[in-house]
Amino acid sequence: MAGGRPITVLNVAEKPSVAKSVATILSRNQGLRVREGRSRYNKIFEFNYAIRGQSCNMLVTSVTGHLMELEFEERYRKWHSCDPVELFNAPVRKLVPEDKMDIKRTLEQEARRCQWLVLWLDCDREGENIAFEVVEVCTTVNRHLNIKRAHFSALIERDIHEAVQNLVQPNKYFADAVDARQEIDLRIGASFTRFQTMLLKDAFNIDSVGDDRNVVLSYGPCQFPTLGFVVERYWEIQSHEPEEFWTINCSHNSGDGISTFSWTRGNLFDYTCAVVLYEMCVEESTATVVNVRRQETLKYPPHPLNTIELEKRASRYFRMSSEHTMKVAEDLYQAGFISYPRTETDCFSQRTDLHGIVQEQQEHQIWGAYAQRLLDPGSGLWRNPSGGGHDDKAHPPIHPTKFSAGERGWSQDHHPAVGAVTTVEIDIAGELFSTSGRMILARNYLDVYRFESWGGSTIPTYASGQQFVPTTLTLDSGVTRPPPLLSEADLLSCMDKEGIGTDATMHDHIKKLLDRFYATKDANTRFTPTNLGEALVMGYDDMGYKLWKPHLRALMEHEMKAVSEGIKRKDEVLATCLQQMKSCFLDARFNKQKLFEAMEVFFERSNGSGGDENHAVGEVVQRCRLCQDSDMVLKRNRDGNYMVGCLGFPQCRNVVWLPGSIAEAAVTSNRCNSCTPGPVYLIQFKFRQLEIPPNYNPNHLGCIGGCDDILRQLTEICGTGSRISARGRGTSSSSVQRGNTAQSVCVFCQQLDHSSNDCPSQVVGSRSARHRQTGESSFSCSNCGTPCVLRTANTTNNRGRKFYKCQSQECNFFAWEDSVDSVNGGNSAAQSNIRSSASAASNTNPGRNTGRGRGWGQGQGQGQIAATFVSATGEPISDRRCFVCGDPSHFANVCPNRGA
DNA sequence: GCAAGGTC
């Protein structure tokens with residue numbers, strides 16, 4: 001070929017900027033001519049060049065991403081033109097859309113006079129697919145074209161010259177995989193979207209979506225699993241039962257500093273057990289150092305950067321949204337500062353010239369010196385970065401491709417930072433406690449990677465066998481908390497882990513949730529599903545279909561990979577996938593009632609019968625007495641169990657779980673005559689007969705306001721439908737605290753300090769059953785006769801002491817529980833009903849028997865101990881307080897002032 | 001009016 005006449009070569013890039021870069025690099029900016037094409041964005045560059053000795057007249061132009069779109073044939077385009085199920089088989093075709101026709105014409109025009117076509121599309125599956133679109137357009141007008149593919153990963157001279165001198169063939173398998181993906185996405189998306197939109201849009205008043213004429217309840221194999229992540233986390237939070245736990249903390253002031261030792265048992269959920277162990281420690285409180293360990297630890301630098309990690313780190317360190325990050329990265333790529341920013345790869349190949357990359361950085365004023373040290377063989381600092389195990393075989397990890405003196409926050413090659421951790425273990429009465437401190441010995445890569453911190457903390461010196469008396473020894477309590485709502489970084493992690501979307505599209509799917517009114521994002525970038533989003537997921541979940549789970553996409557992705565590797569044929573994958581999805585579609589349509597039911601939980605039927613105008617029928621039960629800001633509504637969780645929850649969730653977490661034996665429940669327009677503050681709407685319950693005792697009527701018109709003994713009894717007998725939290729469970733369960741404590745607020749008296757099971761008002765003040773069969777006595781206000789509630793004092797002098805308070809707002813009656821006990825002969829309901837485990841524990845302690853007892857203080861037989869112990873078996877008196885109002889009697893998750 | 005994926 002060498003020495004022949006010049007040939008004309010048409011080079012096509014994926015976007016105009018790449019065409020320009022390729023042309024500039026190959027022409028070395030000598031004799032480069034530019035002319036307009038038919039599309040105003042896609043210029044044509046011309047210059048002379050020699051490929052392996054063959055002189056070429058090079059034309060370089062571009063497309064803008066995909067040139068073609070897949071669409072249904074005309075007669076299936078209109079929404080009502082066919083049954084949506086037909087979309088699984090309806091003929092489809094690939095067409096150049098109208099707005100790409102100019103580009104198509106330019107390609108045709110230039111291809112007619114060329115001998116070669118060189119494809120400079122991005123080196124990934126989509127790029128390969130676009131390459132075949134370009135081939136189709138060009139070969140239609142010139143079937144003699146010689147087709148070549150250029151493989152490059154960065155717009156730098158070395159890569160571009162190397163690519164053009166080593167042209168290869170395009171990979172049809174890659175393109176086939178994308179064809180299959182496109183067809184499956186189109187058929188599933190269109191069929192399900194039309195189905196659920198036409199089914200639900202007009203059937204309900206979907207108030208959250210504004211102008212509902214344009215509402216589309218879309219379904220997509222990426223957007224729905226993304227919504228699924230949001231809803232699943234929301235459900236997890238909603239079903240979390242706050243659970244109290246106890247732990248022993250020990251501190252020691254040695255004179256050289258204070259060490260805080262934590263209990264190696266961690267948190268105990270059994271109060272009695274914790275008290276017994278605490279008591280042992282207090283009685284035999286000398287601590288013995290049993291182990292002092294000093295260990296060198298290493299903190300490794302992060303793996304080389306891929307797109308998701310770039311987005312997550314930018315979100316974490318710079319609070320940049322994923323969308324903005326990719327925009328900036330694209331700019332840097334186009335300016336030649338970094339390699340291609342859309343890559344899954346997080347390990348460098350052997351071919352990458354890492355030394356060359358670092359050499360470029362030697363002049364940098366911040367990390368230049370570090371780069372020089374890395375390159376100095378005498379320093380012994382060089383280490384090839386360890387990979388994260390991902391390689392898309394198309395692009396290297398994102399790395400700098402040329403020097404910049406400006407602020408750029410990444411480095412490539414790092415040594416781990418070195419630290420020394422000292423761990424001290426002590427033994428008190430057989431219980432182990434430990435503490436640790438860290439000293440950083442060598443910062444190494446942390447010197448240049450300034451975003452990661454590795455704090456040091458010092459502790460005094462201890463020797464094995466040494467004994468000391470703890471300065472404080474406290475039994476502290478806490479409450480398990482639900483996980484937070486998903487943040488944008490969390491969501492990206494979920495999507496990445498499950499393979500939802502591509503690096504370039506993940507942020508689009510997240511945005512789609514907002515656009516479709518499926519979810520909202522708050523100021524902290526945390527996502528909450530809307531009623532609409534939750535209802536749709538719930539509907540499919542109730543059908544038993546995991547269409548909102550990532551499995552379907554994962555399966556498809558797996559199949560696509562097989563196609564791209566030539567292991568499976570496109571046609572067979574398409575046939576199997578679509579067959580499965582079609583039967584799933586038919587099943588979903590058969591079970592559409594589930595979708596209706598789920599929507600009914602949240603929305604009124606649009607042709608509904610109206611009902612009581614004062615409240616939304618079928619929903620509102622009462623005003624939330626906790627936040628006093630939102631309504632409490634009857635809802636079902638995803639397991640079908642009923643609860644009455646505050647609409648202010650997640651800011652307000654007030655929830656009343658109802659018996660697990662309910663088959664059906666509906667809020668009526670009847671108001672309770674006795675519960676205040678009203679109105680409290682009665683709920684018509686239908687219980688599953690086999691799950692309740694025979695003497696109860698399965699049909700019951702009940703009230704959650706506090707007056708309904710039958711409801712309380714069935715709750716106790718049947719338990720609630722609240723999901724048991726997976727976290728923080730699994731220790732012993734002998735204590736009553738581990739009973740049915742799903743409510744943040746007691747069902748019966750709306751107090752925060754006990755569960756409905758322990759509610760004194762049910763014994764003391766129940767209207768319908770003043771005297772229970774057990775013979776326990778009640779207590780009513782001696783002024784007005786209204787039933788009293790039992791509360792816990794929080795004043796300095798009486799912290800933890802219980803008192804009765806009249807419920808009537810006009811009456812100021814008040815009496816200490818312990819003084820009432822003595823009047824009533826010490827057999828009060830309150831005494832027997834509250835915290836029985838604590839009572840048992842406190843029996844070891846002479847003194848008032850008020851629930852949890854009062855613990856061990858100075859002067860209670862502990863005189864041999866010189867240190868001051870904080871009494872701890874009463875109400876929580878550690879430094880932990882509600883961070884909202886500072887009250888130590890509760891935590892912020894149940895704070896009545898929250899959101900005030 | 002529908003998907004996801006390129007890109008402007």
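Note on naming: letters A, B, ... go to the chains in the order of the sequence lines (proteins, then strands), and numbering restarts at 1 for each one. Heavy atoms only: backbone and side chains are in, while hydrogens, waters and symmetry mates are out.
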Could you work out, with ring-ring contact (aromatic ring centres under 6.0 Å, His included) as the rule, every residue matching A:Y219, not counting sequence neighbours? A:F192, A:F224
State which residues pass ring-ring contact (aromatic ring centres under 6.0 Å, His included) with A:F195; sequence neighbours excluded, sorted by chain then number.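 Scan of A:F195 (ring-ring contact (aromatic ring centres under 6.0 Å, His included), adjacent residues dropped) gives A:F585.
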If I take atom [atom1] in residue [X] and atom [atom2] in nucleotide [N], what distance separates them, rounded to the nearest angstrom?
{"X": "A:M495", "N": "B:dA4", "atom1": "CE", "atom2": "C1'", "value": "11 Å"}
{"X": "A:D515", "N": "B:dA3", "atom1": "CG", "atom2": "P", "value": "11 Å"}
{"X": "A:D508", "N": "B:dG5", "atom1": "CG", "atom2": "P", "value": "9 Å"}
{"X": "A:L200", "N": "B:dC2", "atom1": "CG", "atom2": "C1'", "value": "15 Å"}
{"X": "A:L574", "N": "B:dA4", "atom1": "CG", "atom2": "C1'", "value": "15 Å"}
{"X": "A:L199", "N": "B:dC2", "atom1": "CG", "atom2": "P", "value": "18 Å"}
{"X": "A:F88", "N": "B:dA3", "atom1": "CZ", "atom2": "C1'", "value": "12 Å"}
{"X": "A:F195", "N": "B:dA3", "atom1": "CZ", "atom2": "P", "value": "16 Å"}

Tell me every residue that passes side-chain contact (heavy atoms from CB on, under 4.5 Å) with A:N171, counting only those two or more places apart in sequence or in another chain. A:E128, A:Y173, A:F174
Go through the structure and list residues passing side-chain contact (heavy atoms from CB on, under 4.5 Å) with A:L70, not counting sequence neighbours.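 A:L70 satisfies side-chain contact (heavy atoms from CB on, under 4.5 Å) with A:V92, A:K94, A:Q182, A:E183, A:L186 only.
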Any pair counted as salt bridge (Lys or Arg N to Asp or Glu O under 4.0 Å), so long as it reaches residues 166-177 of chain A, sequence neighbours left out: A:K172-A:D176
Minimum side-chain heavy-atom gap A:P397-A:F348 below 4.5 Å: yes
Candidates [options] - which lies nearest the side chain of [X]:
{"X": "A:K201", "options": "B:dA3, B:dG1, B:dA4", "value": "B:dG1"}
{"X": "A:K15", "options": "B:dA4, B:dA3, B:dC8", "value": "B:dC8"}
{"X": "A:A504", "options": "B:dG6, B:dG1, B:dA4", "value": "B:dG6"}

Can you name the salt bridge (charged side-chain N to carboxylate O under 4.0 Å, His left out) partners of [X], sequence neighbours left out?
{"X": "A:D102", "result": "A:R105"}
{"X": "A:K497", "result": "none"}
{"X": "A:K582", "result": "none"}
{"X": "A:E110", "result": "A:R35, A:R113"}

With sugar-phosphate meaning primed atoms plus P, OP1 and OP2, does [X] contact a base, only sugar-phosphate, or nothing at under 4.0 Å between heavy atoms?
{"X": "A:S191", "answer": "nothing"}
{"X": "A:Y219", "answer": "sugar-phosphate"}
{"X": "A:R187", "answer": "nothing"}
{"X": "A:K100", "answer": "base"}
{"X": "A:Q223", "answer": "sugar-phosphate"}
{"X": "A:R40", "answer": "nothing"}
{"X": "A:P84", "answer": "nothing"}
{"X": "A:I188", "answer": "nothing"}
{"X": "A:G127", "answer": "nothing"}

Contacts of A:K512 and A:T502 projected onto DNA chain B by closest heavy atom; the upstream (5') one is A:K512
A:T505 vs A:V216, nearer the 5' end of DNA chain B by closest nucleotide: A:V216
If you compare every side-chain N and O of A:S218 against the phosphate oxygens of B:dA3 (OP1, OP2), does one of them come in below 4.0 Å?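 The answer is yes; a side-chain N or O of A:S218 sits under 4.0 Å from OP1 or OP2.
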OP1 or OP2 of B:dA4 less than 4.0 angstrom from a side-chain nitrogen or oxygen of A:R125, does that happen here?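 No, A:R125 has no side-chain N/O under 4.0 Å of OP1/OP2 on B:dA4.
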Lys/Arg N to Asp/Glu carboxylate O, A:E498 vs A:R553, below 4.0 Å: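 Not counted as a salt bridge, because no side-chain N and carboxylate O are separated by less than 4.0 Å.
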Check this for me: does any side-chain nitrogen of one of A:E488 and A:R526 sit under 4.0 Å from a carboxylate oxygen of the other?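 Between A:R526 and A:E488 there is no salt bridge, as every charged N stays at least 4.0 Å from the carboxylate O atoms.
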Please give me every residue in [range] whose heavy atoms get under 4.0 Å of an atom in DNA chain B, ordered by residue number.
{"range": "residues 576-590 of chain A", "result": "none"}
{"range": "residues 130-138 of chain A", "result": "none"}
{"range": "residues 61-82 of chain A", "result": "A:T64, A:G65, A:H66, A:L70, A:W79, A:H80"}

Counting only N and O atoms by type, is there a donor-acceptor contact under 3.5 Å from the side chain of A:S62 to the main-chain atoms of A:N42?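 Such a contact is absent between A:S62 side chain and A:N42 backbone.
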